[in-house]
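Following: one structure in structure tokens, then a few remarks.
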Amino acid sequence: MWILAPFIIGAVSFHVYQYFPIITCGFWLIFICVRYNATLFRTAVIFLCGFLYAFLRTTPEPSTEIAPVGFCPGGFYIEGVFISIPEKSMYGFYHNFLIHNISVAQEGTSECSLTTINQTLPKYVTVFNKHAFSPGEKAKLLVKFKIIKGRLNPGGWGKGVKLIGYIKKSYNLKKPPGRWDYPIERLRYKIVQYLQGNLRTDIAGFLESITIGYRGNLSVSIQESFKRTGIYHILSISGTHFSVLNLFIFMIILRGFVYQLPYKFIESLSIYITPKQLAALISIPFLFLYLIASGLMYPSLRSFIFVSIMFLALVFGRLCNWKNMLILTIFIIVLIEPDCLLSLSFQLSFLCVTIIFIVSQKLLCKESPIRFLIHIYNMFFISLATNVVTMPLTAYYTHNISLIAPIANLIVIPLTCMVILPLSLIGSAVFLISGYFPFISVLEWLCKLTIGLVKILSSIPWFSTNLRAFPLIFVVMFYLSLILFFLPHIRTFAVFILCLTVCILITFYIYTKNDTMRVTFLDVGQADSAVVETPANKIIVIDTGRNGKEVEAFLKYRGINTIDLIIISHYAVDHSGGLKRLLETFKVKTIMDNGTPKNITVNSIKPKRGHVLSIGETRITILNPANITKNNNGSVVVKIGNFLFTGDIGKRIENELLSLAIKSQILKIAHHGSNSSTYKDFIKNVSPKYTVISAGLGNNYGHPHRDVLKRLNGTTKFITYRDGAISFTENQYKIYSGWGFKRQTVSPPAVNPINELNNIRMLFSIW
């Protein structure tokens with residue numbers, strides 16, 4: 001199987017080449033000169049096949065425009081079928097919809113020509129509705145498409161756009177069409193509906209995630225608990241699930257079916273195939289059914305292919321070598337989807353499997369009177385080694401490290417995979433056949449116990465923390481030293497590189513702390529949110545956006561665990577919708593707002609005009625309101641240093657503020673750039689050098705208004721949907737829209753040394 005390795009390396013090299021073409025070509029040129037031998041030509045041919053295959057199959061960069069579907073005022077009629085389990089959100093349900101036919105609801109606009117639409121609109125679209133539809137239902141829908149631009153924030157999903165169809169009306173619902181994949185989704189949805197109707201929401205969500213890989217009903221707090229304990233992977237169908245299911249099905253078929261056959265039949269059959277080989281062969285279709293039911297995610301696909309190869313090797317009497325099986329598995333997955341090499345799930349899956357096999361070979365359990373304890377020790381050591389090796393990669397992507405993970409894996413994984421999962425799978429199968437779900441009371445108690453254990457482990461101080469973003473070069477150096485460690489004669493050099501990397505990383509954290517105030521306005525769409533980091537490392541969040549995801553991602557990117565103060569300008573969903581998420585994810589000390597909801601127990605203070613609040617050495621001056629109201633004019637207006645935050649106030653409140661000390665260098669424009677705010681007298685009194693408008697691309701209100709933009713002439717204007725996150729430190733600023741690795745095409749004329757030099761700099765920097 002090692003002959004397939006150059007193909008995989010070629011596919012990897014293509015992805016590296018896109019960002020570092022000169023370095024990639026130079027490295028392989030030197031390698032060819034040094035390692036020239038008789039087998040080089042064959043290896044080079046296989047390598048080029050992998051490189052070209054990845055080139056032909058690569059996914060282009062996300063488009064920044066989807067036109068003209070977002071600009072047809074009457075919307076569209078689309079006919080088709082719902083093809084996925086509805087994903088629950090705060091306001092309704094998202095569905096995947098396969099379009100069969102499309103027509104314009106209101107003719108007369110040249111932009112809405114069907115020819116252009118058919119060329120632009122994807123075959124599969126996401127549609128949103130307040131109520132859920134079942135997978136397989138056919139429908140004719142009146143939808144209004146809306147373009148959702150990627151949020152340009154550190155730690156969040158970036159460039160490109162998504163298209164969401166908001167359902168205005170539905171017609172002609174019909175019975176499911178009966179295609180082979182929709183019945184599977186309907187069966188999955190049937191399990192979801194039963195669990196949601198008979199169990200507590202968090203317990204049902206946990207069971208759904210480990211049984212069929214559906215996480216739509218998992219609460220933020222539970223997901224955060226699993227992340228903090230380092231066992232978040234258990235909430236998706238992974239290799240652990242398939243390993244247990246593999247053993248479970250194999251033993252049932254072997255002992256419950258094959259060994260129960262007549263002895264003479266088994267004896268005759270053994271001429272051609274052994275009982276174990278027969279059991280392995282029968283097990284594969286059952287594993288394939290579970291693969292489909294799990295949603296065909298990378299970890300489950302990798303596990304299915306790996307287990308199937310192992311079973312087939314057993315059937316054909318071939319010796320199982322884990323290295324060969326691993327290479328063949330990677331080769332098959334790369335053939336299916338070459339872009340998977342860039343997936344964190346893919347990288348972690350194969351990294352974990354490799355470490356488990358390497359460590360397991362060193363920890364073979366021998367006969368001993370304390371054999372059980374040796375097994376426990378081996379399991380703990382394997383878990384520890386896996387977490388240590390994967391920690392740099394997970395820390396770079398998720399900005400979190402969990403020191404409790406080895407213990408959590410040792411306690412929670414056996415309970416979940418060896419007890420809860422088999423019972424849940426048997427119960428689900430019986431339920432789908434008979435309508436009765438056995439073991440439901442036992443499962444409820446076991447899930448409650450598991451979730452409780454995870455919450456206790458996640459609450460232990462200092463064992464899990466958010467880690468501030470660090471340059472990618474440290475990850476590269478760590479895994480380079482790990483690879484060199486397994487090469488003969490250079491282990492000392494590998495250890496030296498590893499120690500040097502750790503020392504430089506510690507130095508990086510010591511000398512890159514904030515010594516001045518840093519204010520970041522986040523791209524949260526048609527909403528508002530900003531994060532203030534004081535010189536004393538105090539954190540102030542001003543508004544939370546609609547769902548808090550962007551704020552959460554940015555705070556984790558900055559390594560923040562505690563929020564000292566959340567200021568809610570007013571309780572409109574675009575300013576306060578993410579408050580609950582932040583309260584569940586971070587330790588929040590204080591909230592300041594103009595009317596705290598009853599279900600919030602965090603310490604709350606009420607704003608009073610003229611009051612000055614001190615957070616460390618940072619002073620927050622409250623300018624408004626004089627009287628608390630629930631509308632936009634009741635927005636809390638605060639001044640922090642040279643920054644003025646205005647919420648959604650209108651002209652009347654602006655006039656009230658003219659007599660106060662509102663002069664500021666940076667002004668957050670009120671009400672997303674609405675023409676009802678930001679009048680000339682107010683701008684003149686504030687006299688800002690920089691102005692920031694938080695607005696969403698293609699919003700229904702036409703924000704920012706062109707008249708407001710004219711009034712802001714003479715200032716440096718920033719708009720979040722265009723510039724992304726904007727960060728100010730003293731008199732300096734930077735925007736996120738131009739930050740990140742730049743992809744280059746394969747064509748030699750398109751290779752730009754300057755772009756590659758910028759990408760090299762990116763390896764050593766963070767935003």
Side-chain angles (χ1 to χ4, degrees), residues 19 61-66 70 146-164 396-397 399 468-469 471-472 514 517-533 539 541-560 574-575 577-578 643 645 666-669 672-673 688-699 701 703-704 708-709 712 715-743 755 758-759 761-762 765-767:
Y19 301 96
E61 287 189 315
S63 172
T64 56
E65 295 183 1
I66 299 180
K146 186 175 180 181
I147 298 170
I148 308 296
K149 187 184 72 67
R151 305 293 187 235
L152 296 173
N153 299 305
W157 72 281
K159 296 180 180 179
V161 296
K162 294 190 296 186
L163 197 64
I164 306 292
Y396 179 77
Y397 280 103
H399 315 294
R468 186 155 47 89
L472 181 59
N514 281 340
M517 188 166 70
R518 176 190 182 112
V519 178
T520 305
F521 296 89
L522 297 175
D523 176 15
V524 290
Q526 187 66 14
D528 258 17
S529 186
V531 176
V532 180
E533 301 170 65
I539 305 301
V541 174
I542 303 173
D543 288 333
T544 64
R546 290 184 177 273
N547 52 39
K549 290 182 180 179
E550 299 91 351
V551 187
E552 177 192 354
F554 177 75
L555 292 177
K556 288 183 176 180
Y557 181 86
R558 296 292 299 163
I560 294 165
D574 55 333
H575 291 256
F643 296 83
F645 300 88
I666 297 99
L667 170 65
K668 200 286 296 184
I669 298 300
H672 320 289
K689 181 178 180 181
Y690 305 103
T691 52
V692 178
I693 302 172
S694 183
L697 177 67
N699 63 81
Y701 311 100
H703 296 162
V708 172
L709 295 176
L712 295 178
T715 70
T716 301
K717 297 185 287 288
F718 299 101
I719 306 174
T720 54
Y721 72 70
R722 179 192 67 196
D723 301 307
I726 306 107
S727 182
F728 292 91
T729 53
E730 293 184 342
N731 293 322
Q732 299 179 344
Y733 68 85
K734 56 182 177 180
I735 61 177
Y736 189 72
S737 58
W739 194 86
F741 289 95
K742 300 297 187 297
R743 184 185 290 186
N755 289 341
N758 290 332
N759 284 341
R761 290 172 181 166
M762 287 292 303
S765 63
I766 59 171
W767 189 79

As an exercise, state the distance from [atom1] of [X] to [atom2] of [Y], rounded to the nearest 0.5 Å.
{"X": "R518", "Y": "I539", "atom1": "CZ", "atom2": "CD1", "answer": "10.0 Å"}
{"X": "R468", "Y": "I766", "atom1": "CZ", "atom2": "CD1", "answer": "6.0 Å"}
{"X": "T691", "Y": "I726", "atom1": "OG1", "atom2": "CD1", "answer": "10.0 Å"}
{"X": "L697", "Y": "Q526", "atom1": "CG", "atom2": "CD", "answer": "10.5 Å"}
{"X": "I693", "Y": "I669", "atom1": "CD1", "atom2": "CD1", "answer": "5.5 Å"}
{"X": "M762", "Y": "N759", "atom1": "CE", "atom2": "CG", "answer": "7.5 Å"}

Exercise for review: Return the set of residues passing salt bridge (Lys or Arg N to Asp or Glu O under 4.0 Å) with R558 (not counting sequence neighbours), or none when no residue passes.
Suggested key: E533
Exercise for review: Start with the C-alpha gap between T544 and S529, add the side-chain angles, then the distance that decides, and say whether side-chain hydrogen bond (donor to acceptor under 3.5 Å, both in side chains) holds.
Suggested key: CA-CA 5 Å; T544 64; S529 186; over 6 Å; no
Point to revise | Near-ring test Y736/F521, centroid separation under 6.0 angstrom | key: no
Point to revise | K717 and L709, any side-chain heavy atoms less than 4.5 Å apart | key: yes
Exercise for review: Side-chain contact test, heavy atoms from C-beta onward, threshold under 4.5 Å: evaluate it for P704 versus Y721 and give yes or no.
Suggested key: yes
**Study point:** K556 atom NZ, neighbour heavy-atom count above 12 within 6.0 Å
**Key:** yes
Check your understanding: Which heavy atom of Y557 sits nearest a heavy atom of G155, and at what distance?
Key -> CD1-N, 3.8 Å
Point to revise | Residues that H672 engages under ring-ring contact (aromatic ring centres under 6.0 Å, His included), provided they are two or more places apart | key: H575
Kindly say whether [Y] contributes a backbone atom to a donor-acceptor pair with the side chain of [X] at under 3.5 angstrom?
{"X": "T720", "Y": "L522", "value": "no"}
{"X": "N699", "Y": "Y701", "value": "yes"}
{"X": "S694", "Y": "A527", "value": "yes"}
{"X": "D523", "Y": "N153", "value": "no"}
{"X": "D723", "Y": "F718", "value": "no"}
{"X": "Y733", "Y": "Y690", "value": "no"}
{"X": "K742", "Y": "G738", "value": "yes"}

**Study point:** Sole candidate of V519, I666, V692, L667 that passes side chain to side chain contact (heavy atoms under 4.5 Å, CB included) when paired with F645
**Key:** V519
Check your understanding: side-chain contact (heavy atoms from CB on, under 4.5 Å) between R743 and Y19: does it pass, once the steps are laid out?
Key -> CA-CA 5 Å; R743 184 185 290 186; Y19 301 96; 3.6 Å; yes
Practice item. Apply side-chain contact (heavy atoms from CB on, under 4.5 Å) to the pair D574 and D528, showing each step before the final yes or no. Key: CA-CA 6 Å; D574 55 333; D528 258 17; over 6 Å; no
Point to revise | Qualifying residues under side-chain hydrogen bond (donor to acceptor under 3.5 Å, both in side chains), relative to E550, sequence neighbours excluded | key: R151
Practice item. Report the C-alpha distance between V551 and V541 in whole Å, list the side-chain angles of each, state the deciding distance to 0.1 Å, and finish with yes or no for side-chain contact (heavy atoms from CB on, under 4.5 Å). Key: CA-CA 8 Å; V551 187; V541 174; 4.1 Å; yes
Check your understanding: Any cation-pi pair here, K734 with W767, using under 6.0 Å and within 45°?
Key -> yes
